[in-house]
2 protein chains.
Amino acid sequence: MAKPHRQHCPVARMLNIVGDHWTWLIVREAFYGVSRFSEFERNTGIAKNLLADRLARLVEDGIFEKRDIGERGTRHAYRLTEKGESLHTVLIAMVQWGNDHIYPDGKVPLTIIERASGKPIKRLQLTSHDGAPLSRFDLAVLPGPGAGRAVRQRLSQISEKS
Amino acid sequence: MAKPHRQHCPVARMLNIVGDHWTWLIVREAFYGVSRFSEFERNTGIAKNLLADRLARLVEDGIFEKRDIGERGTRHAYRLTEKGESLHTVLIAMVQWGNDHIYPDGKVPLTIIERASGKPIKRLQLTSHDGAPLSRFDLAVLPGPGAGRAVRQRLSQISEKS
DNA sequence: TGAATTCGGTTGCGATTTGAAACCAATAGG
DNA sequence: CCTATTGGTTTCAAATCGCAACCGAATTCA
């Protein structure tokens, strides 16, 4: 794949793990319940060598866990770890964006509903600490506890401008 | 870049537009207020030829809009369209995931706060139509108004399993 | 008014990655 | 015991990446 990003930025660092488009299709399949190599292959259309490579990386990065099945087996199940499971919010954000902006006339291929009520879920919304909805213009980005010199400098430049 | 995905899936289709890791760094910069070619270049570390390619694609896909500045200008500003702006939720989801899973001991490089209160924003949460928080196990995926045969078949296979 | 620098690219090139296919050993299923 | 499936690895051509060089127009500097 590509050269890893060295920036101390959660987005850049996340992209080192899940910055590949095949990876997201693999993760999507995992949330559909897929766990076997051949199923990932069939459902995404990825080439075998790439699938093997991506799965190995994802296991190494702690997104998937590889378990043997069948006792004396060369058969495996790839299951999402908790770290992997928590990608769910990002995936849903992607689905919602795709549904909003790709299909004309609301002719979306799939809708996500709450099982219990049968009604569609709400769109993901940024909210303040007390739950009030926020737009991106209500936000500011501050250096966190782990911010180094570079990050601090960068963020101060931004706040100057605005 | 890669061959586009042909699946009728919002995730796959979105990845055709923003499935590249550089693209997300460019979008990140745009949300920081960056609009000029040279600034994108400096702040992301991307090569000039790739930046030119990515920006052209993003303009074509309606994520950015390219405006001339300086009257008789070979100088341009790349600004997010509304379609581009709405990627914000996805980006925030990525930031939150990165902050949660990449930095040990909560030593995150940046925190996102509400400007008005100075307090950190809430984590993005899936909610039902009436606002109750949901986990991914509370959800079901149904074919939408634009679902074709392939999607229907696929989704019915999934519901069989669970 | 020149001279130097910046901006927004394009071109060329070697190194890396991709995608498709062929191949393969082990095992499960009938 | 035979066949198909699983989970890969290998091979190879084509595409892409990343880096550096170059470039014309325009802006800034002296």
Answer yes or no: does atom NE2 of H8(A) have more than 12 heavy-atom neighbours from other residues, nucleotides or ligands under 6.0 Å?
-> no
To the nearest Å, how far apart are [X] [atom1] and [N] [atom2]?
| X | N | atom1 | atom2 | value |
| --- | --- | --- | --- | --- |
| H76(B) | dT6(C) | NE2 | P | 19 Å |
| L51(A) | dA21(C) | CG | C1' | 16 Å |
| N43(B) | dC7(C) | CG | C1' | 15 Å |
| F37(B) | dA25(D) | CZ | C1' | 15 Å |
| I69(B) | dA25(D) | CD1 | P | 19 Å |
| L55(A) | dG8(D) | CG | C1' | 11 Å |
| D68(A) | dG7(D) | CG | P | 11 Å |
| R36(B) | dT6(C) | CZ | C1' | 10 Å |

Ionic contact status for [Y] with [X], cut-off 4.0 Å:
| X | Y | result |
| --- | --- | --- |
| R123(A) | D100(A) | yes |
| D61(B) | R57(B) | no |
| R54(A) | D20(A) | yes |

Sub-3.5 Å donor-acceptor pair from the side chain of Q96(B) to the main-chain atoms of K122(B), do we have one?
-> yes
Give the angle between the helix axes at the two ends of the helix from dT1(C)-dA30(D) to dG30(C)-dC1(D), taking five base pairs at each end and rounding to 10°.
-> 30°
Is any side-chain nitrogen or oxygen of Y78(A) closer than 4.0 Å to OP1 or OP2 of dT6(D)?
-> no
Within the pair T74(A) and dG7(D), is there a side-chain N or O less than 4.0 Å away from OP1 or OP2?
-> no
When Ile, Leu, Val, Met, Phe, Trp and Tyr are grouped by side-chain heavy atoms lying under 4.5 Å apart, directly or through other members, which residues fall in the same group as I113(B)?
-> L142(A)
Keeping to residues at least two apart or across chains, list the ring pair (Phe, Tyr, Trp, His ring centres under 6.0 Å) pairs with something in residues 74-96 of chain A.
-> F31(A)-H88(A)
Hits for side chain to side chain contact (heavy atoms under 4.5 Å, CB included) against N43(B), two or more places apart or cross-chain, chain-then-number order -> R154(A), E29(B), V34(B), E39(B)
Could you tell me which residues satisfy ring pair (Phe, Tyr, Trp, His ring centres under 6.0 Å) with W24(B), sequence neighbours excluded, listed by chain and number?
-> none
Listing time: all N or O pairs from protein to nucleotides 17-20 of chain D that are below 3.5 Å?
from: dC17(D); atom 1: OP1; to: R54(B); atom 2: NH2; distance (Å): 2.9
from: dG18(D); atom 1: OP2; to: W22(B); atom 2: NE1; distance (Å): 2.9
from: dG18(D); atom 1: N7; to: N49(B); atom 2: ND2; distance (Å): 3.4
from: dC19(D); atom 1: OP1; to: K3(A); atom 2: NZ; distance (Å): 2.5
from: dC19(D); atom 1: N4; to: N49(B); atom 2: ND2; distance (Å): 2.7

Checking all strands, does F40(B) fall into the base, sugar-phosphate, or nothing category for heavy-atom contacts under 4.0 angstrom?
-> nothing
